[in-house]
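A short worksheet on the structure shown next.
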Amino acid sequence: MTDGPTPPHDPRQGFTAPTPPESEGEGRREVLEGRVIPSRPLPYQAGPPAAGAPPAPRIPDGAAPQAPAQPDPYGPGAQAWPPAGAQQPDPARQQPQQPAQGDPGAPQAPAWAPPTSGLGAGGAPPSFPQQSQGPAAGPGAFPQTPQSNAPDWGALAAQREAAAKRRKLFMVGGGALAAVAVAGIVAAAVVASNKSDGKPKAGPTTTAPSQPLPPEPSFSSVAPPPPKNPLDYISTAKKDTAPVSAETLFPGKLMTIAGRTYTRTAGTQTTTCAAAATDGLATALPQNHCRQVIRATYVLGGSAVTVGVAVFDDKAPALKAKATPRFLLPLNGGGVSAFCHNVSCWTTSNAVGRYAYFTISGPKNGTTATSADTASKQAGTDASNFAFERIVQRGKDAAARDTAAGN
């Protein structure tokens, strides 16, 4: 705040403000039209003014100090400011200092006048070289903020990215050139190796092994024949040439089927086929040219069974005899009395190859076989299966002999 009205300010005239010296030899500053013009350094004089100096003007109480009148820089005879060759004032000292406002009743310091020594002709201030910093701030304006020296990070990033792209292009181009160079070298080597001077060249020499190598296995292109079928050998007398007897069809004294063991009590063989049968079978066997009938009797517990095999020349007559199941004649002997004579008994008839086989079973004491007599029925089934296995085994043996002979 001020104690009185402030006189108007003429921007063309400027004003001067007393500035106490900070150190010896620093000098004073003058502000004209917003520019800070340093003056030549003068020593600060303390104490009363020198003799012969004009007295300082009195400032009335309550009035603001008036700046001494300065020549109009824009008037007639004005010189260019700052003069050519003058030094640019320090930017840090551009802000003018205002005169301190004290107590109106206190004595006021005399107004400071610019020195005349060292000025140019006609009292003009010395000229200093101008610098391209733009116009300085006028009285009462804020000081300008000096420009920042921070680097432009966006420009630096763009330069770095461009350099990375150039390095990448250089590496790709260098790799391609290296590949082309290698390919050219290889092609030149191949062409050079294929050149011939027209003279025969010795081929590579090989050394024979010290020991002869084993011969390589050879495989026949002819597929092996399929295995022979045993039924082919038991279906005709021309291939089934092995002897047929009670000992070859029913060997041994025991017959074991599915864990059940029967004991043989009697066995017989006859070429009079009708004598080994009764009823319709006794007529059918001779009519189909039966060659012989082989019979055997087995017992197990209270049951007895007789099994008989009729032999023919081929398969067809055997099938005809099979269709006439009545009846095979039971074979007695070995402690077994007549059984299945004039009583009901279990019977079976089958054929395989050139053989027809039959069974008759019942109680060995000669009584009638009932439906509750399952043991006698099972004895007939077991004897029939045993005859089938023995006949098929003949075919297997004949096929094995034929294969061993290379036929």
Before giving the answer on side-chain hydrogen bond (donor to acceptor under 3.5 Å, both in side chains), spell out for Gln393 and Asp397 the whole-Å C-alpha distance, their side-chain angles and the decisive distance to 0.1 Å.
-> CA-CA 6 Å; Gln393 186 62 43; Asp397 295 341; 2.9 Å; yes

Determine, stepwise, if the pair Met255 / Leu300 fulfils side-chain contact (heavy atoms from CB on, under 4.5 Å).
-> CA-CA 10 Å; Met255 176 182 71; Leu300 176 61; over 6 Å; no

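Between Phe312 and Asn288, the closest side-chain pair of non-hydrogen atoms falls below 4.5 Å. Side-chain contact check for Arg291 versus Val244: every heavy-atom pair is 4.5 Å or farther apart.
Arg390 contributes a side-chain N or O that, together with a main-chain N or O of Thr248, makes up a donor-acceptor pair within less than 3.5 Å. At distances below 3.5 Å, at least one donor-acceptor pair connects side-chain atoms of Arg295 with backbone N or O atoms of Leu329.
Applying side chain to side chain contact (heavy atoms under 4.5 Å, CB included) to Tyr355 and the options Val392, Ile294, Ile234 leaves one that passes, Ile234.
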For residues 335-349, please give each side-chain donor-acceptor pair under 3.5 Å, one per line with the distance, not counting sequence neighbours.
residue: Thr348; atom: OG1; partner: Thr359; partner atom: OG1; Å: 2.2
residue: Ser349; atom: OG; partner: Lys322; partner atom: O; Å: 3.4

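Pairs of residues two or more places apart, or lying in two chains, that qualify as salt bridge (Lys or Arg N to Asp or Glu O under 4.0 Å) and include a residue from residues 339-360 are Asp240-Arg354. Here salt bridge (Lys or Arg N to Asp or Glu O under 4.0 Å) pairs that include residues 258-285, with residues two or more places apart or in two chains, are Glu247-Arg264, Arg260-Asp382. Sorted by first and then second residue, the disulfide (SG to SG under 2.5 Å) pairs involving residues 255-284 (not counting sequence neighbours) are Cys273-Cys290.
Using cut-offs of 30° and 60° on the angle between ring planes, the pair Tyr357 and Phe388 is tilted.
Atom CD in Gln292 sits 11.0 Å away from atom OG1 in Thr272 (nearest 0.5 Å). Between the OG1 atom in Thr374 and the NZ atom in Lys377 there is a gap of 8.5 Å [rounded to 0.5 Å].
Not counting sequence neighbours, Lys168 has no partner by the salt bridge (charged side-chain N to carboxylate O under 4.0 Å, His left out) test. With sequence neighbours left out, Arg401 forms a salt bridge (charged side-chain N to carboxylate O under 4.0 Å, His left out) with no residue at all.
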